[in-house]
Participant: 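First the structure, then my questions, so here it is.
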Amino acid sequence: TIHVLPEDFRWRSAQLDAIIADADELVVEATGEELDDGEELMAGVIETMAARPPLTKRLTPAARAKWLAFGALLGVPAEAMNRMPPQLMLFGLLGGGGEVDSAEIANGVESVLEQAFEDQSKPVGSIESAAGVLQSLLAIDDASLIADLEAVLGRWDGKSLASLVALGAGKAPAEAAPLAIEHAWARGDVVALEDDAFGRGKFGRTVGQLLLETRNRAWAEWLDQRLDTPGTVLVAVGAAHFGGERSVRALLAERGLEATRLD
């Protein structure tokens, strides 16, 4: 899946619609209801905010101004940007679709699938605890990330989300192609994040292992065990989890389970 998409972005197919009709239930990373409630999620964020100095106090004046400009482009108040744990910055830079105004979670694949299953009175569940993932992310020491953030903001023009996304990914602003990943995914290409997608330092490697490999292994185990229960489940998770040597598909293969592409 792609979590955030522009309005009217075309990605469904007749094959997928048939799978939706046939499946008994839907399982996603975290349901919309869980994200909307957000009490556990916010508890982890608030605890981290209270325990650490405000982010803007840890940035130089020049970087601080651009950080707040980044927040303004996202529609996030200055006080929230001031207190935001820098780990969450990763999702702002790597979340995709940010260069298109209508790109929203409400247009993302999970939101559409959940609505389709709810319309058919079919159950919707989650494969993991979103609060647990967030708390693990927030627990990582972020000193090296602050240094990386300083460097990225220092090269940013302070005006374009697309250019900031490109810089965060280690590319020149001119290389940023709007919705390139989304269009490749919609064509059926495998979306594989580069090894340094979350940064080249210790922090980036730790985040990559936490957000991808650790979760992929847990999901592969869940899927393996779920196959012992009768029924058809549509499991819809982020496209980045299907590319590379540590992908969900690769880890399923290690367990002797074969995945066949249908569409």
Side-chain angles (χ1 to χ4, degrees), residues 1-35 94-97 100 103-128 130 133 177 179-194 197 208 211-263:
T1 69
I2 297 290
H3 304 316
V4 179
L5 287 172
E7 187 177 3
D8 297 327
F9 189 90
R10 294 177 60 189
W11 55 269
R12 294 180 67 162
S13 68
Q15 176 73 61
L16 176 60
D17 288 342
I19 291 172
I20 293 172
D22 184 58
D24 300 312
E25 63 178 295
L26 171 68
V27 171
V28 294
E29 295 177 36
T31 66
E33 183 177 355
E34 289 173 320
L35 296 176
L94 298 170
V100 177
E104 299 177 354
I105 291 178
N107 300 323
V109 175
E110 286 85 353
S111 297
V112 174
L113 291 179
E114 285 188 45
Q115 187 61 58
F117 275 74
E118 290 171 2
D119 289 346
Q120 299 177 65
S121 299
K122 295 180 180 181
V124 176
S126 56
I127 199 170
E128 65 185 2
V133 174
L179 300 176
I181 291 177
E182 290 81 355
H183 285 298
W185 162 80
R187 290 192 300 268
D189 296 343
V190 174
V191 176
L193 292 181
E194 298 176 1
L211 293 184
L212 293 178
E213 183 176 3
T214 299
R215 295 166 73 203
N216 289 352
R217 290 193 179 279
W219 295 355
E221 180 179 1
W222 186 96
L223 289 162
D224 193 355
Q225 295 178 355
R226 182 60 182 80
L227 286 171
D228 295 332
T229 303
T232 301
V233 182
L234 172 56
V235 181
V237 295
H241 295 276
F242 289 87
E245 297 178 354
R246 298 166 293 174
S247 70
V248 172
R249 291 186 64 183
L251 295 173
L252 286 174
E254 289 182 3
R255 292 172 168 267
L257 299 170
E258 181 180 355
T260 301
R261 181 166 181 162
L262 299 178
D263 196 5

Participant: Does atom CD1 of I105 have more than 12 heavy-atom neighbours from other groups under 6.0 Å away?
Facilitator: no

Participant: Would you say the side-chain atoms of E25 pair up with the backbone N or O of G125, donor to acceptor, closer than 3.5 Å?
Facilitator: no

Participant: For atom CD of Q15, decide whether the heavy atoms of other residues, nucleotides or ligands shown that lie under 6.0 angstrom number more than 12.
Facilitator: yes

Participant: Does I20 reach the side chain of Q120, with side-chain heavy atoms less than 4.5 Å apart?
Facilitator: yes

Participant: So W219 and L252, do their side chains get closer than 4.5 Å, heavy atoms only?
Facilitator: no

Participant: Does E221 reach the side chain of R255, with side-chain heavy atoms less than 4.5 Å apart?
Facilitator: yes

Participant: Could you measure the distance from the OG1 atom of T1 to the NE2 atom of H241? Nearest 0.5 Å is fine.
Facilitator: 8.0 Å

Participant: For R226 versus V233, what's the shortest heavy-atom pair and its separation?
Facilitator: NH2-CG2, 3.2 Å

Participant: Please work out which of the three classes, parallel, tilted or perpendicular, describes the rings of W185 and W11, given edges at 30° and 60°.
Facilitator: tilted

Participant: Tell me, do L257 and L223 make a side-chain contact under 4.5 Å, heavy atoms counted?
Facilitator: no

Participant: Quick one: does W222's side chain get under 4.5 Å of E128's, heavy atoms only?
Facilitator: no

Participant: Does any non-hydrogen side-chain atom of L211 lie less than 4.5 Å from one of V133?
Facilitator: yes

Participant: Calculate, to the nearest 0.5 Å, the distance between atoms OG and CD belonging to S126 and E110 respectively.
Facilitator: 12.0 Å

Participant: Would you call R217-E213 a salt bridge at under 4.0 Å N-O?
Facilitator: yes

Participant: Considering only heavy atoms from C-beta outward, does the side chain of I2 approach that of F9 to under 4.5 Å?
Facilitator: no

Participant: Would you check, one step at a time, whether the test side chain to side chain contact (heavy atoms under 4.5 Å, CB included) holds for V112 with R12?
Facilitator: CA-CA 10 Å; V112 174; R12 294 180 67 162; 3.7 Å; yes

Participant: Looking at CD of E33 and CD of E118, how far apart are the two atoms once the value is rounded to the nearest 0.5 Å?
Facilitator: 8.0 Å

Participant: Would you mind reporting whether E182 and L5 have side-chain heavy atoms less than 4.5 Å apart?
Facilitator: yes

